[in-house]
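Structure record follows, encoded as structure tokens.
Heavy atoms only: backbone and side chains are in, while hydrogens, waters and symmetry mates are out. Read the numbers this way: they start at 1 and go in the same order the structure lists the ligands and their atoms.
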Amino acid sequence: MAIAKNPDYKRIATEEAWAPTHIIERFQKLVGTIGDPGFDSLWGFYSTSPSQRAQQVFARLQDLGERRLADMDACGIDVAVLSLTSPGVQCFDAATATSLARVANDELAEACRQRPDRFAAVASFGPLEPANAAKEIERAVSQLGMKGAIFNSHTHGQYLSDPKFWDIFAVCEQLQVPLYLHPQTPPPAMIKPFLEAGLDGAVFGFGVETGLHMLRILTSGVFDRFPKLQMCIGHMGEALPYWMYRLDYMHGVTVRSKRYECLQPLQRRISDYLKENVYVTSSGYGWEPAIRFAQQELGVDRVLYAMDYPYEYEADEVRALDSMNIPLADKKKFFQTNAERIFRL
Ligand code: CA
């Protein structure tokens, strides 16, 4: 039975994936050709497996019309904040990534124009050309009405903690839009022990890779340079909220010991940046204890709802989160008003 609208709050899902057929076809052609076992594992599976899971995800990803709206209705989702699925344009060469991001952003913005009551979106960009990436984020936000930008962790093994990428942070801070760090598989230099155990995907590898990327951004001093920048991470913060105490302690002693040239003193503690510059979404987490822990430690204004459609599409999770034992005012922040404020919906 479909989940009814909630009279007390809208349900806004903030990490919902889409991919146009032409990009999926490019993914299929790329499998086995770019020396990235993580990409081969992920897209080899979703684009060729006869399993019900792969087939369903594959079909749902490509729909921006009736099927998606019907699925949203069935789970009581009022609004979806859409983005190009992982790894987005980042598996392509730099020039292709820049031009494909433009095309994908135009397509997604058109879908939002068709259904402004149901869809909003965040913009893709090709990180390897940071100046062009910044221009595209500007265009997508100012001209297309997109609500922020998103990237899928490493780009051919490179991390945005490298200052050569920092134009991307600068433009998001200047436009006052959130920058969403979404997972992808670990890069070639890291993936072997994950892959041999079948743990490279969303089950675990995604979280390790993305938590590491967020931490590299934090420890590189990005938020000292761009103190008003706001980022989002999914999957209840890729485990980082649970690490905060140890990160503060060990980062502090390591910096003071001058053990690594790359770890310089920061203006605030790691946990301060997580509490003041990072939002956490519940994508893939229909689990009340984790959500309450994040609300308690990061603040109720920092935690917001996401489903992770179509990779996670479970009506029972919506029911479970609807019945969380938290005050209604906090539930409304979680499902609705935090997303409205952060993404300026
Ligand atoms: Ca996702």
For this session: Flag His235 as yes if one of its N/O/S atoms falls below 3.0 Å of the Ca ion (ligand 1), otherwise no.
Result: no

Exercise. Taking the six-membered ring for Trp, is the centroid-to-centroid distance between Phe58 and Tyr46 below 6.0 Å?
Worked result: no

Exercise. So, do His213 and Phe151 have ring centers that fall under 6.0 Å from each other?
Worked result: yes

For this session: Consider only side-chain N and O atoms of His235 and Asp308, and report whether a donor and an acceptor are under 3.5 Å apart.
Result: yes

Exercise. Which of parallel (below 30°), tilted (30 to 60°) and perpendicular (above 60°) describes Tyr245 and Tyr249?
Worked result: parallel

Problem set entry | Glu15, N/O/S atom nearest the Ca ion (ligand 1) | OE2

For this session: Looking only at N, O or S atoms, find the one in Asp308 nearest to the Ca ion (ligand 1) and name it.
Result: OD1

